[in-house]
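Note sheet for the following structure.
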Amino acid sequence: MPTPGRIDTEERRKADRVRQRLAKEVTAIQGQRNLTREGKRSRLAAAVVKAQAELGELRAAEAQRVTARREQCERELFGHVQPDDTRVISIRDAADRAAQIKDPEQMAAWMERVKDHDEVLLQAFARECYTRRNAAEPVWQRLVETWVRQTGRADAAEELGIIRDETSDSGHRLTREAAFSVGLLPAEIHGVSNSQLRSLADQADQIEELPPSRAEQVGQRLAGMVHTEIE
């Protein structure tokens, strides 16, 4: 895929383009002289609501893709999470057996004992070690690292670690929120609630534009005259 690849995904790049487009729309609306203050607020709200909807879809798409990739990495590392009926009993028994081993040295001995003839049990042991990893007991992490090296699954393990950071770490979560947010609202609608924003957006199509001022009318006529002479 690339994974949430240290905060760089296809969806986030598209989200950045949505924000760039919104910034241009905001500038254009703010510069329209033929709109009242309320007209500008409604047009700005409509642009923001549209961008929010697109960003929400992109966030959901990324979440779906990352979830699928996480499941794929877990299958590569630990076997099928939802196996077919012919294997489900043996996998469940292996998981129960792994859960009963509380001592990491005993777990290491069992992993060494079964590594060449019982892949189902070995994967269950590895999954249990992975689940028990914590800062207070680094031995579980070392068991996982040893198993990953022995089985040649380092890439899947690294990618799964990135995905878990992305989906559980508070810092990454805040970054994801920012990646799929429209950012600071324009001054004209800053501080309005989401419901007010949608209400303003619903009125955008009903906004009547003001007629051009006397100076603008003269300017338009002069521009037309110059265009005619050139032709």
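Just so it is clear, the structure is predicted and the values come from calculations on it, not from any experiment.
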Which atom of [X] lies closest to which atom of [Y], heavy atoms considered:
X      : Y      : result
Cys73  : Leu160 : CB-CB, 4.2 Å
Arg132 : Ala98  : NH2-O, 3.7 Å
Ala45  : Leu200 : CB-CB, 3.6 Å
Ala179 : Arg12  : CB-CD, 4.0 Å
Ala204 : Ser42  : CB-O, 3.7 Å

Are [X] and [Y] packed together at the side-chain level, in the sense that at least one heavy-atom pair is separated by less than 4.5 angstrom?
X      : Y      : result
Met111 : Thr146 : no
Ile101 : Glu128 : no
Leu55  : Arg19  : yes
Leu143 : Phe125 : no
Met107 : Cys129 : yes

Evaluation steps, side-chain contact (heavy atoms from CB on, under 4.5 Å), between Gln32 and Arg43 = CA-CA 11 Å; Gln32 283 189 259; Arg43 294 279 176 88; 4.0 Å; yes

Residues in side-chain hydrogen bond (donor to acceptor under 3.5 Å, both in side chains) contact with Gln196, at least two apart in sequence or another chain |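 side-chain hydrogen bond (donor to acceptor under 3.5 Å, both in side chains) check on Gln196 returns Ser193.
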
Which residues pass the side-chain hydrogen bond (donor to acceptor under 3.5 Å, both in side chains) test with Asp16, sequence neighbours left out?
->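 side-chain hydrogen bond (donor to acceptor under 3.5 Å, both in side chains) list for Asp16, sorted by chain: Gln20.
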
side-chain contact (heavy atoms from CB on, under 4.5 Å) between Thr67 and Arg70, worked out | CA-CA 5 Å; Thr67 297; Arg70 181 183 62 207; 3.7 Å; yes

Interatomic spacing from [atom1] in [X] to [atom2] in [Y] - rounded to 0.5 Å:
X      : Y      : atom1 : atom2 : value
Trp140 : Glu145 : CH2   : CD    : 14.5 Å
Gln123 : Trp147 : CD    : CH2   : 6.0 Å
Lys40  : Ile189 : NZ    : CD1   : 13.0 Å
Glu57  : Glu11  : CD    : CD    : 12.0 Å

For residues 21-30, run the donor-acceptor check on the side chains, cut-off 3.5 Å, and write out each pair with its distance to 0.1 Å, sequence neighbours left out.
unit_1 : atom_1 : unit_2 : atom_2 : d
Arg21  : NE     : Glu25  : OE2    : 3.4
Arg21  : NH1    : Glu54  : OE1    : 2.9
Arg21  : NH1    : Glu54  : OE2    : 3.3
Arg21  : NH2    : Glu54  : OE1    : 3.1
Thr27  : OG1    : Ala23  : O      : 3.1
Gln30  : NE2    : Glu188 : OE1    : 3.0
Gln30  : NE2    : Glu188 : OE2    : 3.3

Give a yes-or-no answer on whether the side chains of Arg69 and Gln72 include a donor-acceptor pair shorter than 3.5 Å.
->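 There is such a pair between these side chains.
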
Give a yes or no answer on whether the side chain of Arg65 reaches the backbone of Glu62 with a donor-acceptor pair at less than 3.5 Å.
->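 No, Arg65 side chain to Glu62 backbone: no donor-acceptor pair under 3.5 Å.
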
Would a distance-only check, ignoring hydrogens and angles, find a side-chain to backbone donor-acceptor pair under 3.5 Å from Ser199 to Ser195?
->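 Answer holds: no.
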
Output yes when Glu10 and Arg13 qualify as a salt bridge under the 4.0 Å nitrogen-oxygen rule, no when they do not.
->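 No.
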
Aromatic Phe180 / basic Arg176 pairing, under 6.0 angstrom, 45° off normal =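 The answer is no, since Arg176 fails at least one limit relative to Phe180.
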
